[in-house]
Amino acid sequence: MSIFWKALAPMALAIAIALIPAPAGLGQHAWYYFAIFAGVIVGLMLEPIPGAAIGLIAVTLVAVLSEWVFFSPAELARPGFKAANASLSWALSGFANGTVWLIFGAFMFALGYEKTGLGKRIALLLVRSMGRRTLTLGYAIAAADTLLAPFTPSNTARSGGTIFPVIRNLPPLYGSRPNDPSARRIGSYLMWTAIATTCVTSSMFLTALAPNLLAVELAKKAANVEIGWMRWFLAFAPAGILMLLAVPLLTYVLYPPEVKEGKEVPAWATKELLEMGGLSSREIILAVLVLIALVLWIFGGDFINATTAALVVIALMLITRVVTWEDMLANKQAWNTYAWFATLVALADGLGRTGFVKWFADTIAAHMVGFSPTVAAIVLVLIFYFSHYLFASVTAHTTAMLPVMLAVGSSVPGMPMEPFTLMMVVTLGIMGILTPYGTGPSPVYFGSGYLPAADYWRLGGIFGVIFIVLFLLVNVLPRVL
């Protein structure tokens with residue numbers, strides 16, 4: 001598809017939706033906003049220009065047209081209300097989002113690994129021990145994430161800040177470069193295995209994803225259902241363990257690397273390690289700083305935010321000259337991802353602020369009359385799961401949709417609320433695989449240069465369907481048949 005058609009398609013879709021009258025119960029401004037949002041999603045899929053540029057253009061357009069596409073007549077009629085100022089605050093809100101800064105921090109951690117050589121050293125050690133086969137490298141990544149997951153409630157910190165900075169050093173060892181045809185040699189396989197694995201582990205453990213803890217609190221308030229750590233684990237584990245075992249192999253089949261094995265690679269890695277010599281002082285300092293970050297992420301949640309912990313470590317990296325400010329300024333990938341995700345967070349938030357999400361949930365509730373409890377539960381879980389395409393944050397999705405969906409479920413006669421609530425909440429992690437903005441570390445891997453937009457959207461859809469179908473078949477259907 002030519003650049004012209006790639007650019008025309010998002011605009012054509014947005015205009016076509018906008019020309020359709022707003023559905024009953026939805027404000028015309030919210031419908032116009034949804035039209036713009038739909039156009040943005042298509043633009044992100046086709047990428048006629050970089051995704052960050054699409055996001056910037058979109059929030060600017062909404063800010064300029066805010067009186068017609070963002071604010072309701074009632075809001076505009078409030079005394080002293082200034083649409084221009086309010087819309088600008090909304091447009092810039094993503095740049096102050098903690099998760100966005102944590103993603104940015106993950107790129108800076110990766111920069112430290114690269115500049116000191118520690119990332120290369122760790123990669124060489126991995127290659128020396130498991131580099132004979134690409135598939136075993138995939139399982140090594142999955143095992144590392146699984147071991148960290150129960151103790152790291154931020155999957156951005158766990159995967160984006162810990163796993164990614166290490167594995168990004170592996171592909172170049174095999175001649176696999178980002179933003180290059182050689183990316184498919186091995187880099188693409190490793191990156192997709194990492195992001196798919198972290199989505200599974202985020203659902204596996206209550207403490208592996210911050211929104212999981214929010215969901216437990218909302219479930220207690222909205223459905224009077226209390227969920228503990230072990231109950232959560234048992235609710236997902238049967239399918240989750242199968243997913244963890246399957247992800248490296250599925251990726252190997254559906255997104256195969258060109259490099260399958262290399263007998264000479266472990267020997268080459270040994271030679272490279274000998275040439276590198278012993279650990280340098282900068283490598284040791286970085287290792288200590290990363291360990292500090294990991295300890296704070298795992299155990300410091302009660303007194304320090306995960307993003308604050310990342311910023312503290314980045315500041316220490318600068319003070320200790322592990323990296324310089326010039327190094328950080330030159331990290332275009334980090335700044336691009338920061339701008340891309342900041343605008344997308346704001347755009348997704350706009351769906352809730354305009355009332356579109358509430359209308360969407362209420363519309364679902366109106367169509368659930370007459371369904372049996374089992375069918376209703378499965379339908380509601382599927383709607384909850386795939387509506388994540390509308391959100392750039394699992395936290396936002398949980399806050400906006402979970403209480404409403406639980407209320408809809410409780411209105412179905414005979415609905416067993418405890419099993420139904422568990423079905424809903426444990427899908428929060430795996431739904432993150434659907435899009436390049438679906439969960440915190442997604443933009444990190446999407447911005448790595450190894451996962452082109454078309455590949456990411458295609459694989460996200462495929463793995464998203466596999467995950468939810470496997471969950472329903474293994475965890476849900478046996479209990480109701």
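Using a distance-only test at 3.5 Å, with no hydrogens or angles considered, no donor-acceptor pair links the side chain of Tyr113 to the main chain of Asn169. Between the Ser93 side chain and the Ala346 main chain, no donor and acceptor come within less than 3.5 Å of each other. The closest donor-acceptor contact from the side chain of Thr307 to the backbone of Gly98 lies under 3.5 Å. With hydrogens and angles ignored, the 3.5 Å screen pairs no side-chain donor or acceptor of Asn331 with any backbone N or O of Met108. No side-chain donor-acceptor contact under 3.5 Å links Thr308 to the backbone of Ile304. One N or O on the side chain of Arg185 and one on the backbone of Tyr174 form a donor-acceptor pair closer than 3.5 Å. Between the Arg184 side chain and the Pro256 main chain, a donor and an acceptor come within less than 3.5 Å of each other. Remark: side-chain polar atoms of Trp335 are paired, donor with acceptor, to backbone N or O of Met328 under 3.5 angstrom. Formation of a donor-acceptor pair under 3.5 Å by the Thr201 side chain with backbone atoms of Thr146 is not found in this model.
A heavy-atom distance below 4.5 Å is not found between the side chains of Phe446 and Ile195. Between Phe233 and Pro150, every side-chain heavy-atom pair lies at or beyond the 4.5 Å cut-off. Two residues are said to be in side-chain contact when any heavy atoms from C-beta on lie closer than 4.5 Å; Thr398 and Asn212 fail this criterion. At a threshold of 4.5 Å between non-hydrogen side-chain atoms, the residues Ser410 and Met415 do not count as touching. A 4.5 Å side-chain heavy-atom check between Ile292 and Leu289 finds at least one atom pair inside the cut-off. Within the 4.5 Å cutoff, no side-chain heavy atoms of Val225 are placed close to those of Leu406. Counting heavy atoms from C-beta outward, Val100 and Phe104 have side chains that stay 4.5 Å or more apart. Taking 4.5 Å as the limit, every side-chain heavy atom of Pro441 sits out of range of all side-chain heavy atoms of Phe164.
For the atom pair Thr193 OG1 and Ile163 CD1, the distance stands at 12.0 Å (nearest 0.5 Å). Atom OH of residue Tyr189 and atom CD1 of residue Ile141 lie 7.5 Å apart, to the nearest 0.5 angstrom. Taken to the nearest 0.5 Å, the CG atom of Leu286 stands 10.0 Å off from the CG atom of Leu111. The distance from the CG atom of Leu190 to the OH atom of Tyr445 is 10.5 Å, given to the nearest 0.5 Å. Summarising the geometry, atom CZ belonging to Phe95 is positioned 6.0 Å from atom OG1 belonging to Thr343; distances are rounded to the nearest 0.5 Å. Taking CG of Leu402 as the reference point, atom CE of Met405 lies at 9.0 Å (rounded to 0.5 Å).
In this pair, His388 and Phe391 present their aromatic rings parallel. The plane angle is below 30°, not in the 30 to 60° band. Ring geometry, Tyr338 versus Trp101: the interplanar angle falls from 30° to 60°, so the pair is classed tilted.
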What side-chain donor-acceptor pairs closer than 3.5 Å can you find for residues 450-466, not counting sequence neighbours?
unit_1: Tyr450; atom_1: OH; unit_2: Ser176; atom_2: O; d: 2.9
unit_1: Asp455; atom_1: OD2; unit_2: Tyr255; atom_2: OH; d: 2.6

Return a table of donor-acceptor pairs under 3.5 angstrom between the side chains of residues 416-431 and protein atoms on other chains or two or more places apart.
unit_1: Glu418; atom_1: OE1; unit_2: Arg231; atom_2: NH2; d: 2.5
unit_1: Thr421; atom_1: OG1; unit_2: Met417; atom_2: O; d: 2.6
unit_1: Thr427; atom_1: OG1; unit_2: Met424; atom_2: O; d: 2.7

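The two residues Leu135 and Pro248 have their closest heavy-atom pair at CD1-O, 3.7 Å.
When only modelled atom types and interatomic distance are considered, Ser202 and Arg158 share a side-chain donor-acceptor pair under 3.5 Å. Side chains of His397 and Ser387: a donor on one and an acceptor on the other come within 3.5 Å. Under the 3.5 Å distance criterion, with hydrogens and angles disregarded, a donor-acceptor pair is assigned to the side chains of Asp145 and Thr198.
When the salt bridge (Lys or Arg N to Asp or Glu O under 4.0 Å) test is applied to Glu258, no partner is found at least two apart in sequence or on another chain.
Between Phe356 and the options Phe34, Tyr33, Phe37, Phe70, a ring-ring contact (aromatic ring centres under 6.0 Å, His included) holds for only Phe34.
Within a 6.0 Å sphere centred on CG of Asp180, heavy atoms belonging to other residues, nucleotides or ligands number more than 12.
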**Asked** Given the rule in the side-chain hydrogen bond (donor to acceptor under 3.5 Å, both in side chains) test, do Thr439 and Asn155 qualify, once you have shown the distances and angles that lead to the verdict?
**Response** CA-CA 8 Å; Thr439 191; Asn155 65 353; 2.9 Å; yes
**Message:** Checking Phe205 against Trp229 for the side chain to side chain contact (heavy atoms under 4.5 Å, CB included) test, could you report, in this order, the C-alpha distance in whole Å, the side-chain angles of both residues, the deciding distance, and whether it holds?
**Reply:** CA-CA 7 Å; Phe205 308 104; Trp229 195 96; 3.6 Å; yes
